[in-house]
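To keep things clear, I will list the structure first and then write my remarks on it.
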Amino acid sequence: MMEKFLQQSVDTEEKFYRYEEQRLKIEDKRREAEHARELQMLQMLGQMLAGISSTVSQRSQSMPASPPQRANHRSYGDNFNYNAMTAALSPPIVIERSFSLHRTHSLKDMENIFQLVRNVIPPLTGKRHKGQDGRIGIVGGCQEYTGAPYFAAITALKVGADLSHVFCTKDAATVIKSYSPELIVHPVLDSPNAVHEVEKWLPRLHSVVIGPGLGRDEVLLENAKGIIEKSKVKGIPIIIDADGLWLISQQPSLIQGYQRAILTPNYMEFSRLYEAMLRDPVDSSDHHGCVLRLSQAMGNLTVVQKGERDLISDGEKVLVCSHEGSSRRCGGQGDLLSGSLGVLAHWAFLAGAEKTNGQNPFLVAAFGACSLTRQANHQAFQKFGRSMTASDMVSEVGTAFNKLFET
Ligand SMILES: NC(=O)C1=CN([C@@H]2O[C@H](COP(=O)(O)OP(=O)(O)OC[C@H]3O[C@@H](n4cnc5c(N)ncnc54)[C@H](OP(=O)(O)O)[C@@H]3O)[C@@H](O)[C@H]2O)[C@@H](O)CC1
Ligand SMILES: Nc1ncnc2c1ncn2[C@@H]1O[C@H](COP(=O)(O)OP(=O)(O)OP(=O)(O)O)[C@@H](O)[C@H]1O
């Protein structure tokens, strides 16, 4: 009797899982179709606006000219004509050349960039459902490093993402879960089919951050490589940090030319990448030139060189973020930066260049994330001084965000 009952419940459970699997497959297909439809609509809109723009420019010869655009700058949504949109929709470009090479920025220029960051932040309304403001994936976390992926993932939530996933090794997963019930933790990164396990989630992710706490184990690096390749196929914005940058310095072609990628090297990672790409040591008398050249060599993807001042370049412009932080250099600050960038890159990408006044949305996102990290650092340092840690900075992310972007 008991045996029969147990068999029945096993059968019922199996049936349930089969249904659930089918339901998830259907849901994946629906999301992919929805994504393709949205892309098509954006392209149509781009073409319509291109038409309006050419009519406007025929009628009005006196319209102010846009700044020169990079010839090989491929925008998100590929055929989407942002130059045309800018010409048709925007007033004359406000920030023009203010971030160009070797130019000092006025306070007004800085305020302009802050305004562009504000423009891409989705409004908080009752009309949106869970997930719409960001589902971010962090790929990293191994036996040695559990803090780094946690800092990145929790920061993504504190900035305003709705869901934050961590894809880490099996032995790191329980530890990371124990830090925070808010995170969704997948113990898959050292499994034999790791790439496939992560790939299943990609249609539901808006951006991925590869590298915090990944470590340098060959198998994990190979899996990270597979995940980067799958993410590129899906056109997902990719932030590459920490050991993800180690991988890129060994195999630059993995990300070269993918303009939806942002690299966030610290001093050491920058030197490694620069030497790998330019076959020259970094010129310490020309930081601007170096970051510009590295971005160009990587195919104009966005590079954020972290340090006393964060230098951000897409191979055409260099933005400098020297927002006040502090003199405290505890580990984990770069992880906060990459987590916040995961969210801001998604928001900026979605908002498109019309919201960033024709500026590369990833440059704007990077400036926002750098300023936010420095502001959180500043606030935490005011409270804790020398004892300040990355966790103290995480607690400041909300108020720092409000102060910079919601006032
Ligand atoms: N709690 C956790 O789990 C955390 C885990 N983390 C994770 O650790 C992993 C390895 O990351 P990493 O940063 O230690 O490695 P890497 O960049 O190769 O640096 C190695 C050496 O480079 C140097 N160096 C660095 N910066 C420099 C500078 N500005 N100026 C000059 N030199 C500089 C410095 O050399 P030294 O001073 O020792 O001579 C340093 O020792 C990675 O997965 C990361 O995510 C961290 O996120 C922290 C929190
Ligand atoms: N010398 C400095 N002065 C002021 N702020 C700095 C300085 N160096 C780094 N920072 C701040 O810390 C952030 C992270 O840079 P850092 O070089 O610590 O990255 P990282 O080594 O990748 O960090 P992590 O410890 O997370 O691996 C920078 O974006 C900047 O805000």
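What's counted below: heavy atoms across the whole structure, side chains too, no hydrogens, waters or symmetry copies. Whatever order the structure lists them in is the order used to number ligands and atoms, beginning at 1.
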Residue selection (non-hydrogen contact nearest atom 13 (O) of ligand 1) among Thr389, Asn266, Leu336: Asn266
For ligand 2, find out whether one of its N or O atoms is nearer than 3.5 Å to an N or O atom of Gly331. no
Mark the output for Gln333 as yes if a heavy-atom distance to ligand 1 is under 4.0 Å, and as no if none is. no
Residues that Arg293 engages under salt bridge (charged side-chain N to carboxylate O under 4.0 Å, His left out), provided they are two or more places apart: Asp286
Output yes when the distance from some N or O of ligand 2 to some N or O of Thr373 is under 3.5 Å, and no in every other case. no
Heavy-atom distance to atom 10 (N) of ligand 2: which of Arg329, Gln305, Glu324 wins? Arg329
So the atoms of ligand 2 within less than 4.0 Å of a heavy atom of Gly332 turn out to be 24 (P), 25 (O), 26 (O)
Identify, for atom 1 (N) of ligand 1, the protein heavy atom at the shortest distance, and state residue, atom and that distance. Gly147 CA, 3.8 Å
Decide, yes or no, whether a salt bridge links Asp190 with Lys170 under the criterion of side-chain N to carboxylate O below 4.0 Å. no
Heteroatom distance test (Ser326, ligand 2): nitrogen or oxygen, under 3.5 angstrom: no
Considering distance alone, does some N or O of Asp335 sit under 3.5 Å from an N or O of ligand 2? yes
Residues Asp392 and Arg328 bridged, charged N to O under 4.0 Å: no
Could you check atom 24 (N) of ligand 1 against the protein and tell me its nearest heavy-atom contact, residue, atom and distance included? Met268 CB, 4.0 Å
Can you tell which of Asp243, Asp335, Asp241 gets a heavy atom nearest to atom 43 (O) of ligand 1? Asp243
Numbered atoms of ligand 1 (with element) below 4.0 Å of Gly332, judged on heavy atoms: 48 (C), 49 (C)
Taking only heavy atoms of Asp310 into account, list the atoms of ligand 2 that are under 4.0 Å away from them. 28 (C), 29 (O), 30 (C), 31 (O)
Ligand 2 to Tyr267 polar contact by distance, N or O atoms, under 3.5 Å: no
Atom 2 (C) of ligand 1 has as its nearest protein heavy atom Ala148 N, 3.5 Å
So if I count the atoms of ligand 1 from 1 in the order they appear, which ones are less than 4.0 Å from some heavy atom of Pro212? 45 (O)
Tell me which one of Arg272, Glu144, Glu308 gets a heavy atom nearest to atom 16 (P) of ligand 1. Arg272
Using a 3.5 Å cut-off on N or O atoms only, is Gly334 in polar contact with ligand 2? yes
Using the side chain to side chain contact (heavy atoms under 4.5 Å, CB included) definition, which of the options Pro361, Pro237, Ser207 pairs with Phe349? Pro237
Would you mind running through ligand 1 and noting each atom that sits below 4.0 Å from a heavy atom of Gly213? 43 (O), 44 (C), 45 (O)
Could you check whether any heavy atom of Lys306 sits closer than 4.0 Å to an atom of ligand 1, since that is the contact criterion I want to use? no
